[in-house]
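Below: one structure, written as structure tokens.
Every value quoted in this text rests on a predicted model; they were computed, and no experiment measured them.
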Amino acid sequence: MTDESARILVVDDDVDICHNLTDILSDLGYHVDLAHDGHSALKLLHQSRYDVALLDYKMPGMDGLTLYREIRKRHAGTVALLVTAYASSATAEAALSAGAWKVVAKPVDFGALLQFVEQAIHQPLLLVVDDDRDLCANLWDLFRDQGYRVGLAHDVSEASEQILDSRHRIVLIDMRIPGATGSDVFRMVRETDPRARTILITGYRAEMDPLIDQMVAEGADAVCYKPFDMPQLLAKLGELARPHAEEAGQNPG
Amino acid sequence: MIDAGGLYERYKELQSYVGWTEEDARRVAATATLLEPYLYALIEDFYAEIERHPNARKVITGGAEQIARLKGTLTQWIRDLLSGAYDTTYVTRRWKVGLRHVEIGLEQVYTNVALSRLRTGLVQSLHESWRGAGRDLKETVRSLDKLLDLDLAIIEDAYQAEYAARLQRTERLATLGQVAGGVAHELRNPLNVVKTSVYYLVNARNPTDDKKTEHLRRIERNVELADGVITALSNFARLPLPEMRPIDLESMMREVLELNPPGDRIEVVLNSPPGLPGGLGDASQLRIALGNLVRNARDAMTQGGRLEISLRSEADRVVIEVADSGTGMDEAELVRIMEPLYTTKTRGLGLGLAITRSIIDKNQGTIQVESQSGRGSTFTVRLFAAPVEGDQ
Ligand code: HEM
């Protein structure tokens, strides 16, 4: 099956490869944008948020890894595949350390590449709304390692942008973020994306923060207290990330 | 807990206020034998009246046995009243009786009306038993009234002292709870980062060496953050006496700006007129206080802005003005901004400005703040100017 709303960014200075990839992916029903260098790719990011980015490693100007770092700063939820002809283990390791998902060797085996794209798009998309950048970076590493796509928002405007742009499986919301309270973000999610599940994050215990009980009554799925019990949190994610019953019924397999 | 000497001094002061004399004491003492036969009935009446008032009755929790004991203590209380000896022991015991009633939760109005009823009963009994001249009776009743007024004043005093102490205790507990909550929250954030990094290092499937280093660095940084929370708290709790020395304000402000860099997006201006006298204070403390002001200004200008620090002299003071063009505060925030544990930020204990104020206070300075929502805030610190060399 193909998720029609999935958006893919293809960046390669080799115009022919670029067009071929675009044709194949478009034919499969994906929405594809292409660019031939890093800077024009960054311009595209102003208008669009991509589920997957296929990036050529060696390009004039900005290389694919530098480009991915820029993409990740803006849209942490984008899954990157780097394509390279010089698959030295050092480049591969640098790319993986930077958070790229796969490093694919040239010449590209299209069958394998399409499978990766398909897999990436089916990784459940999470959103973490928390102004603590260290915690966000950790959760990104941990959740990616478990096979989730992870978007990050550090304040209320970043959160609202992403909630409007993308459908998330689960949104994790810190109760204290700049510019709003956790309950503002929670209600925004309920209104814009009612199928998204929600987990509240707090450093207080319930008795210190009456808002928590109220939001649970309004339908928040779980409350996660700092410092986290990671196995428990991951188990909860696994449970909440399962596709909803009606969705599974519509798309068997 | 109670200071018997102080109580007695106060009692004597009240005695002179109502014009109490040795003559009054003699007159009251003379009634003891006259009134003794009436005590039983007075006390029966006292408790019968209590039975009719549920809010008074409810504090008697010991049943008939307690009432029997109370009748005994009340009889003794009246005998002491009529004893003629109003010394330290008397006053202390009276005060303790008042305190006992607060402890059992009796509302103060009931001791007032009970004493009034007792007063009426005592005066009536005196009228019935009086065999002497009417003029002497009048004088005696007046003396008894003064004495009962003094007793009432002591009971009232005990109530007030105990209520004030209780209020302070609950306030202290509330503050403690607030501090504990704030500290817990602030410590749990870095702890959470440490815990999740450790989880990653232990459980990640294929972490690269770079990733491992990144997580170790993050752990280190957050341990320092947690330590900073504790430092801020102990700085606040125990501020040593300042060592007052002359300070060159301009170079101190430069150091403060170096230690607390406002960042690229903020334009910094430092105005210092030539010939500015030095300030007087403890430089190491004032650096903390002014550093908090600079950081506060920076946090109010996340979108960039202008930080203007102006030094000037004013009579025997030197003035340090720290003005930002940031978010500013409204009236409601302004009145609370220097309270400990008050914060408008999502991170932090809310101790920064409270520490600043208490440092400035201890350095014999003053601090004021003016602010306009959306326009910025100006903090003005005034310190004593250091005496110029050669001055007397
Ligand atoms: C001005 C009026 C009153 C006087 C002079 C008086 C006198 C006393 C005295 C001398 C004691 C013993 C204190 C001690 O040494 O522990 C006492 C205790 C007590 N009084 Fe009063 N009292 C008065 C009003 C009342 C009233 C209106 C009530 C209402 C119920 C009341 C209830 C009690 C109780 C429950 C105790 C505690 C007894 C215990 O320790 O078990 N008193 N009072």
Should Val129(A) and Leu127(A) count as side-chain neighbours, where that means a heavy-atom distance under 4.5 Å?
yes
Tell me, side chain or backbone of Asn222(B) under 4.5 Å from chain A's heavy atoms, or both, or neither?
side chain
Are Phe379(B) and Leu353(B) close enough that some pair of their side-chain heavy atoms sits under 4.5 Å apart?
yes
Backbone of His168(A) reached by a side-chain donor or acceptor of Asp193(A) within 3.5 Å
yes
Non-neighbouring partners of Glu224(B) that pass side chain to side chain donor-acceptor pair (under 3.5 Å), sequence neighbours left out:
none
Side chains of Trp101(A) and Gln119(A): closer than 4.5 Å at any heavy-atom pair?
yes
Main chain of Glu321(B), side chain of Ser310(B): is a donor-acceptor contact present, judged purely on distance under 3.5 Å?
no
One option among Gly99(A), Gly203(A), Ala94(A) has the most heavy-atom pairs under 4.5 Å with chain B, and it is Gly203(A)
Identify the residues of residues 141-155 of chain A whose heavy atoms come closer than 4.5 Å to a heavy atom of chain B, ordered by number, or report 'none'.
Asp141(A), Leu142(A), Asp145(A), Gln146(A)
Could you tell me whether Glu103(B) atom CD has more than 12 heavy atoms of other residues or ligands within 6.0 Å of it?
yes
Contacting moiety of Ala137(A), where chain B heavy atoms sit under 4.5 Å:
both
